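Step one of this worksheet: look at the structure below.
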Amino acid sequence: MRHLLNPLDLSVEEIDQLIDLAHDIEHHLSKYSHVCDGKKLATLFYEPSTRTRLSFESAMLNLGGSVLGFSSADSSSAAKGESVADTIRVISCYADIAAMRHPKEGAALVASQFAGIPVINAGDGGHQHPTQTLTDLMTIHSLKGTFSNMTIGMCGDLKFGRTVHSLIEAMVRYPNVKFVLISPDELRVPSYIRQDVLLANHIEFKEVDNLDEALPELDILYMTRVQKERFFNEEDYVRLKDFYILNKKKMKLAKEDMYVLHPLPRVNEISVEVDNDPRAAYFRQAQYGVYIRMALIMTLLEVEKPC
Ligand code: CP
């Protein structure tokens, strides 16, 4: 039995296979409509979500399976004090696979240690968000045809942004990938990402605070939201929340083939006037999230690809 807790739980070859399967699903959706007949996905969401929870549910329904779960801690027995360990033991009696989002870092790891079914980390605090990373990788591969030889700008909340941490960990495995880490001083990447991931893998990167100066050299710009829910005080959040706003004027500084990704939700960091720019890829990215999660569910449930 396999779990997905961190993007590095999957080898580069396994990620290639998942993306190939997801592309086949994208182009032949009906072929997959019964491959998970009789299987159940539990979505255990202790934190708010639109895309991750609903794309998981859409993915399982597209595969012919069923979905059960809860969308907030308040509506589960966590509100009565039940532990993650006990909850997942019980859910293992009800479902074949579980996707779990939790505000505490490491919660999905704990769940996996007590589960009788595969557990997918759908976001654990400010730590990791591996299925967003699979979505991001599928998007980058679809837009650029490769993961190699590119400069990726990551902009916004790089401290608490779990999607940023997961994507950096995944991308350092490909040749000649460089990073420009664009953030205010207070929201720079955690030291374990700088030391144990970037420096340890001899990756070229720089940390800057000026988006305009960085834009011309980027092949991908990964924008992120400043996450109100991770701040300890309102004053810091208010000071930093609009530090970066990508607009049409700034897009003129970027290459013609630089694509803008964002895990969403966005607040103010990308002006809606950018949405119609052909380089704005964030809504396509959300669509890819369904296909890659279908591929992941099939893989973890060891479901055969149909002919
Ligand atoms: N990208 C993402 O995780 O979105 P949700 O919080 O809506 O699931």
Side-chain angles (χ1 to χ4, degrees), residues 4-7 18 22 41-62 67 69-76 97-105 107-108 111 119-140 142-143 152 154-171 220-231 237 241 244 246 259-270 272 275 280-297:
L4 179 66
L5 306 175
N6 181 302
L18 275 175
L41 165 75
T43 51
L44 315 177
F45 276 62
Y46 295 82
E47 247 193 357
S49 167
T50 296
R51 271 145 298 277
T52 311
R53 186 170 67 84
L54 296 181
S55 65
F56 262 117
E57 296 193 1
S58 177
M60 192 47 148
L61 295 174
N62 285 344
V67 178
F70 52 83
S71 58
S72 71
D74 287 352
S75 63
S76 78
I97 186 165
M100 192 179 97
R101 171 170 291 188
H102 199 286
K104 284 204 180 130
E105 305 185 358
V119 172
I120 302 169
N121 180 6
D124 60 330
H127 188 218
Q128 297 283 344
H129 193 346
T131 63
Q132 181 63 48
T133 301
L134 293 176
T135 303
D136 300 339
L137 292 176
M138 183 178 178
T139 308
I140 292 170
S142 301
L143 296 169
I152 302 179
M154 304 207 134
C155 179
D157 179 356
L158 310 187
K159 179 179 182 184
F160 298 113
R162 59 194 174 198
T163 62
V164 169
H165 309 156
S166 288
L167 186 57
I168 292 175
E169 287 205 24
M171 286 297 296
I220 296 284
L221 172 61
Y222 194 88
M223 291 295 294
T224 61
R225 171 177 69 98
V226 174
Q227 301 180 76
K228 187 176 184 183
E229 64 273 29
R230 311 263 179 242
F231 276 79
Y237 169 70
K241 72 183 173 71
Y244 300 107
L246 184 67
Y259 288 98
V260 183
L261 274 62
H262 190 311
L264 302 178
R266 77 162 149 202
V267 186
N268 290 327
E269 61 279 4
I270 303 180
V272 290
D275 294 356
Y282 28 93
F283 292 116
R284 275 177 277 173
Q285 189 180 353
Q287 175 67 66
Y288 287 135
V290 176
Y291 305 134
I292 200 75
R293 288 183 174 98
M294 289 173 72
L296 178 67
I297 291 168

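In this text, all values refer to a predicted model and were calculated from it rather than measured experimentally. Just follow the structure's listing: the first ligand is 1, and inside any ligand the first atom is 1.
At a threshold of 4.5 Å between non-hydrogen side-chain atoms, the residues Tyr291 and Asn62 do not count as touching. Leu264 is listed as a side-chain neighbour of Phe283, based on a closest heavy-atom distance under 4.5 Å.
Of the listed options His262, His129, Gln132, His129 places a heavy atom closest to atom 3 (O) of ligand 1.
Atoms of ligand 1 lying under 4.0 Å from any heavy atom of Thr50, numbered from 1 in the order shown and given with element: 5 (P), 7 (O), 8 (O). Residue Leu264 approaches ligand 1 through these ligand atoms, each under 4.0 Å from one of its heavy atoms: 1 (N), 2 (C), 4 (O).
Checked by atom type and distance alone, the side chain of Ser58 never pairs as donor or acceptor with a backbone atom of Leu54 at under 3.5 Å. No donor-acceptor distance shorter than 3.5 angstrom exists from the side chain of Glu269 to the backbone of Val226, with no hydrogens or angles considered. Remark: side-chain polar atoms of His165 are paired, donor with acceptor, to backbone N or O of Lys159 under 3.5 angstrom.
Residue Thr52 places at least one N or O, backbone or side chain, under 3.5 Å from an N or O of ligand 1. By the 3.5 Å distance cut-off applied to N or O atoms, Pro48 is not counted among the residues near ligand 1.
Ring geometry for His262 versus Tyr282: interplanar angle over 60°, hence perpendicular rather than tilted (30 to 60°).
In this structure, the protein non-hydrogen atom closest to atom 4 (O) of ligand 1 is Arg51 NE, 3.1 Å. Protein heavy atom closest to atom 6 (O) of ligand 1, with residue, atom name and distance, is Arg101 NH1, 2.9 Å.
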